[in-house]
Amino acid sequence: MKNNDLKYSEYTDIDYYNNDAKDALIPEEVNPYEFQLKENEKYMNNVALVTEQGEKITYEEFHTRVDEYAKALKEKGVREGDRIAFAAGNVPSALYLKRALYKLGATVCAINPIETEAAMKSDIELVNPKMFIGINMFSKKFSTVSKKYGVDSLYFSPFDSVKTSMKEKTLLNLFMLYSKNFVFDKEERLSTYLKKTKNNNNNISIANDMNTYISDITFTGGSSGTHKGVMLNGNGLSTVTKGANYVLPLNPGDKFLGNLPEFMAFGAFAMQYALNRSLEIHLTSKAMPQDFAELLYKEQPNGVFGGPIQWNAYIDYVLKNADKNIYEKYKNLSKMGEKDQKEFYKIVRNTLENLDSTVKNRLDMSFLKAGVSGGEQLTSKTENLTNIIFDVFDAEDSLYNGLGMTEMWAPVCVKRGNLNSDGTIGHMLPFVGAKVVDPVTFEEVEKGKPGVLFVTGRGMMEGYYNNPLETSKVIVTDENGTRWLNSGDVAIIDPVTNEKKFIDRVKRNFVCGVENVYPQQIENLLSTIPEIKESIVTKIPSDDLQFVCKYHISLENSDIDIESLENKINTLIYGILGEAKLPHYIEYHETLPKSANGKLAWNVLQDADNEKYKNETLEKEKNINVKVLK
């Protein structure tokens with residue numbers, strides 16, 4: 001295994017951090033569990049977990065439980081180097097199990113417990129695990145998949161190692177019997193092995209062969225859609241979480257909302273960061289966006305991570321509870337032009353500042369030191385409104401936001417609240433190197449010009465599991481032997497502040513004439529036109545220009561004057577982005593296709609256009625559903 005050892009001068013943005021970050025050392029190459037244990041040494045009496053039942057578990061108790069679980073897993077047959085499929089939610093036993101797997105030197109292959117059987121089969125086929133460990137509430141589905149591939153199974157209860165009443169346990173067992181998820185075979189129950197090893201006083205040594213240890217395989221479709229297993233090493237996880245210490249203003253003992261599930265890279269990073277930082281984690285199994293705001297006000301954490309969808313739900317909750325009139329206007333925000341939106345932001349601020357003191361107290365955010373958005377791109381609307389709410393209700397800072405990728409253990413670049421400019425993704429994390437290059441030559445481009453973001457550092461994946469072809473597409477080794485990950489993201493480095501700005505996904509980038517076209521730039525502008533609900537820009541082959549733009553648009557309503565709208569589109573795009581970005585084709589849709597997680601599926605329309613325009617020129621295409629602009 002080859003990790004990247006960067007010199008301090010090569011940490012791209014280290015000069016923008018304080019002296020503590022500049023003096024920080026990369027974590028030793030040790031097992032990620034050993035790193036956590038050392039980080040927690042001074043805080044063993046601090047609370048590590050607060051369960052949904054209100055039980056408080058100290059860091060000393062946490063590590064005792066991890067040791068107990070490691071003994072049980074070893075009794076079951078888990079050994080160093082084993083790949084273990086692991087499907088769990090945010091319950092204490094799941095946290096203990098994952099760290100116990102790290103301690104034993106097994107590789108955690110995280111599986112979403114609520115995904116379909118077909119998706120699980122795809123995951124299992126890809127990594128061929130030795131064992132399937134899952135929460136018993138979904139055991140029927142897990143069993144079907146694991147038995148098909150001859151994989152041994154082990155199930156645990158959300159109440160394992162949690163103090164609960166007999167009534168709660170009885171109700172859970174009755175529910176599982178009714179839903180056919182009850183595990184009858186005692187050899188498939190974690191509790192059986194915990195009992196077997198209860199009096200085992202032999203110490204479990206921490207696996208430390210870091211030259212071969214892959215701690216996690218995380219599944220991703222990536223930008224290509226090809227199902228892949230991202231091989232991540234535990235020292236990379238330790239390094240990335242340590243880098244976050246100098247980004248986030250959270251200190252040992254601060255409260256943290258444990259709401260994001262660990263089967264996603266962003267959630268796994270968030271939870272391990274909180275554990276390594278010795279925070280007080282308030283665990284919740286309620287990960288849905290509609291629960292987010294209520295959890296914030298109930299738990300009042302100092303730090304919380306969420307995706308844009310969670311922060312949108314938070315805005316919705318606050319405005320709904322603050323003023324009905326302003327909430328109704330907010331629901332029509334997408335129909336407003338840019339000028340009206342700016343005016344609306346002023347109205348929101350004024351309305352919130354003049355609320356009754358009782359309402360203001362109920363919406364107070366003075367407990368929050370750091371609210372972080374990640375997982376997908378944050379829109380300016382969400383950023384602006386969240387920051388207004390944070391400011392009015394006394395949160396310590398504006399919203400943190402950044403750029404991350406599974407192949408780098410999630411975050412690589414973070415906008416640190418008010419320290420960075422709005423609309424940017426801030427600076428690279430400590431221990432992360434970056435450069436922006438020409439997409440063809442891979443030569444660095446001048447600051448201020450768009451190019452492909454290349455990143456490097458300890459958090460970088462080893463590759464895609466059993467897929468050297470896909471690995472070779474994204475990993476580039478330079479003349480100095482440094483391995484770089486081609487992020488697939490188009491970015492610009494500000495010449496003055498060195499802040500990074502996300503532009504688009506490189507796969508969507510194309511050339512019209514001699515100019516690079518970045519579809520998301522166009523889509524962002526189209527989103528400011530009130531008549532347009534959503535848009536996707538695709539590329540169409542052209543004999544003269546290589547490619548030209550086709551706009552796919554869904555409208556807010558059906559009685560819009562199309563000719564007036566298209567004049568507005570042309571004026572806006574030409575005035576800001578120039579002639580090459582103008583549409584040669586526009587196709588109108590009732591709705592635009594979306595992926596399973598709700599994102600616009602541009603690749604669906606691009607694939608359809610590729611088929612439609614195969615072996616045809618623009619001049620020959622006369623489909624009645626397509627409007628050709630003169």
Side-chain angles (χ1 to χ4, degrees), residues 288-297 306-366 368 371 373 376-395 397-399 401 418 422-423 523-535 553-562 564-565 568-569 571-572 576 588-592 594 598-600:
M288 300 304 291
Q290 61 266 28
D291 302 313
F292 185 65
E294 290 187 8
L295 286 168
L296 272 180
Y297 288 111
I309 191 170
Q310 274 88 7
W311 292 110
N312 280 326
Y314 167 72
I315 294 168
D316 191 89
Y317 178 92
V318 170
L319 297 185
K320 186 186 293 184
N321 282 274
D323 185 277
K324 289 183 179 179
N325 291 328
I326 204 75
Y327 176 67
E328 290 301 319
K329 290 179 181 178
Y330 160 68
K331 290 196 295 185
N332 294 311
L333 183 61
S334 62
K335 299 178 182 179
M336 299 180 192
E338 186 175 0
K339 183 178 178 181
D340 289 336
Q341 285 182 8
K342 289 181 178 179
E343 187 62 33
F344 176 72
Y345 297 148
K346 292 178 183 178
I347 294 170
V348 170
R349 178 178 288 276
N350 184 63
T351 301
L352 297 180
E353 286 177 340
N354 290 284
L355 286 174
D356 178 88
S357 59
T358 304
V359 179
K360 289 189 77 170
N361 289 337
R362 193 165 67 244
L363 297 174
D364 176 69
M365 292 291 290
S366 60
L368 189 68
S373 181
E376 60 182 278
Q377 188 185 12
L378 185 70
T379 67
S380 60
K381 296 174 188 176
T382 304
E383 184 174 32
N384 287 334
L385 284 170
T386 303
N387 287 341
I388 289 170
I389 293 169
F390 278 11
D391 188 39
V392 171
F393 295 115
D394 298 323
D397 206 342
S398 60
L399 189 64
N401 176 46
N418 294 324
D422 287 345
E523 292 161 3
N524 289 343
L525 279 177
L526 293 177
S527 71
T528 67
I529 298 176
E531 295 90 339
I532 295 177
K533 185 177 182 180
E534 293 175 319
S535 64
I553 291 172
S554 67
L555 302 173
E556 285 289 352
N557 55 68
S558 58
D559 58 356
I560 289 171
D561 184 329
I562 297 297
S564 174
L565 172 62
K568 189 181 292 188
I569 289 171
T571 301
L572 177 67
I576 297 178
Y588 295 96
H589 304 254
E590 283 190 21
T591 58
L592 295 179
K594 291 183 172 63
K599 294 181 183 179
L600 288 171

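- Every side chain to side chain donor-acceptor pair (under 3.5 Å) that Asp356 has, sequence neighbours left out, goes to Thr358.
- Interatomic distance, Lys346 NZ to Arg349 CZ, rounded to the nearest 0.5 Å: 11.0 Å.
- For the side chain to side chain contact (heavy atoms under 4.5 Å, CB included) test, residues two or more places apart in sequence or in another chain that qualify with Lys360 are Leu355, Phe393.
- Residues Leu600 and Ser535 share a closest heavy-atom pair of CD1-O, 3.8 Å.
- Under the side chain to side chain donor-acceptor pair (under 3.5 Å) criterion, Asn524 pairs with no residue at all, not counting sequence neighbours.
- Take Tyr317 and apply the side chain to side chain donor-acceptor pair (under 3.5 Å) test, not counting sequence neighbours, and it matches no residue.
- Atoms CG and OH, on Leu333 and Tyr345 in that order, are 5.0 Å from each other to the nearest 0.5 Å.
- Taken from OG in Ser527 to NZ in Lys533, the straight-line distance is 14.5 Å, to the nearest 0.5 Å.
- Note that CG of Leu319 is 11.0 Å distant from CD of Glu328, once rounded to the nearest 0.5 Å.
- Exactly one of Asn312, Ile315, Thr379 qualifies for a side-chain contact (heavy atoms from CB on, under 4.5 Å) with Leu385. That residue is Ile315.
- Residues satisfying the salt bridge (Lys or Arg N to Asp or Glu O under 4.0 Å) test with Glu294, not counting sequence neighbours, are none.
- Applying the side chain to side chain contact (heavy atoms under 4.5 Å, CB included) criterion to Asn354, with sequence neighbours excluded, gives Asn350.
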Checklist entry - Can you list the steps and then say if Asn401 with Ser373 is a side chain to side chain contact (heavy atoms under 4.5 Å, CB included)? => result CA-CA 5 Å; Asn401 176 46; Ser373 181; 4.1 Å; yes
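- Every residue meeting the salt bridge (Lys or Arg N to Asp or Glu O under 4.0 Å) condition with Asp422, not counting sequence neighbours, appears here in chain and number order: Lys415.
- Residues Ile326 and Phe344 meet the side-chain proximity criterion, which asks for heavy atoms closer than 4.5 Å.
- Taking the salt bridge (Lys or Arg N to Asp or Glu O under 4.0 Å) definition, one finds that Asp323 meets it with nothing, sequence neighbours left out.
- Residues passing the side chain to side chain donor-acceptor pair (under 3.5 Å) test with Asp397 are Tyr400, Asn418, sequence neighbours excluded.
- Remark: Glu343 engages no residue in a salt bridge (Lys or Arg N to Asp or Glu O under 4.0 Å) (not counting sequence neighbours).
- With sequence neighbours left out, the side chain to side chain contact (heavy atoms under 4.5 Å, CB included) criterion links Ile560 to Glu531, Leu555, Asn557, Leu565.
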Next on the checklist: Test side chain to side chain contact (heavy atoms under 4.5 Å, CB included) on Thr528 and Leu572; report intermediate values, then the result.
Outcome noted: CA-CA 10 Å; Thr528 67; Leu572 177 67; 3.9 Å; yes
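- Between Glu383 and Gly423 the shortest heavy-atom distance is OE1-N, 3.4 Å.
- The line from OH of Tyr297 to CG of Leu363 is 4.5 Å long, rounded to the nearest 0.5 Å.
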Next on the checklist: Let's go through Ile532 and Ile569 carefully: what are the C-alpha distance in whole Å and the side-chain angles of both, what is the deciding distance for side chain to side chain contact (heavy atoms under 4.5 Å, CB included) to 0.1 Å, and is it a yes or a no?
Outcome noted: CA-CA 10 Å; Ile532 295 177; Ile569 289 171; 4.1 Å; yes
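- The main-chain N or O of Asp394 is never found under 3.5 Å from a side-chain atom of Ser366 such that the two would form a donor-acceptor pair.
- Note on ring orientation: taking the six-membered ring where Trp is involved, the planes of Tyr330 and Tyr327 are tilted (angle from 30° to 60°).
- Between Asn321 and Val359, every side-chain heavy-atom pair lies at or beyond the 4.5 Å cut-off.
- Contacts of Asp340 classified as side chain to side chain contact (heavy atoms under 4.5 Å, CB included), with partners at least two apart in sequence or in another chain: Met336.
- Of all heavy-atom pairs spanning Thr382 and Pro308, the tightest one is CG2-O, 4.3 Å.
- Distance check: Ile388 CD1 to Asp391 CG gives 8.5 Å after rounding to the nearest 0.5 Å.
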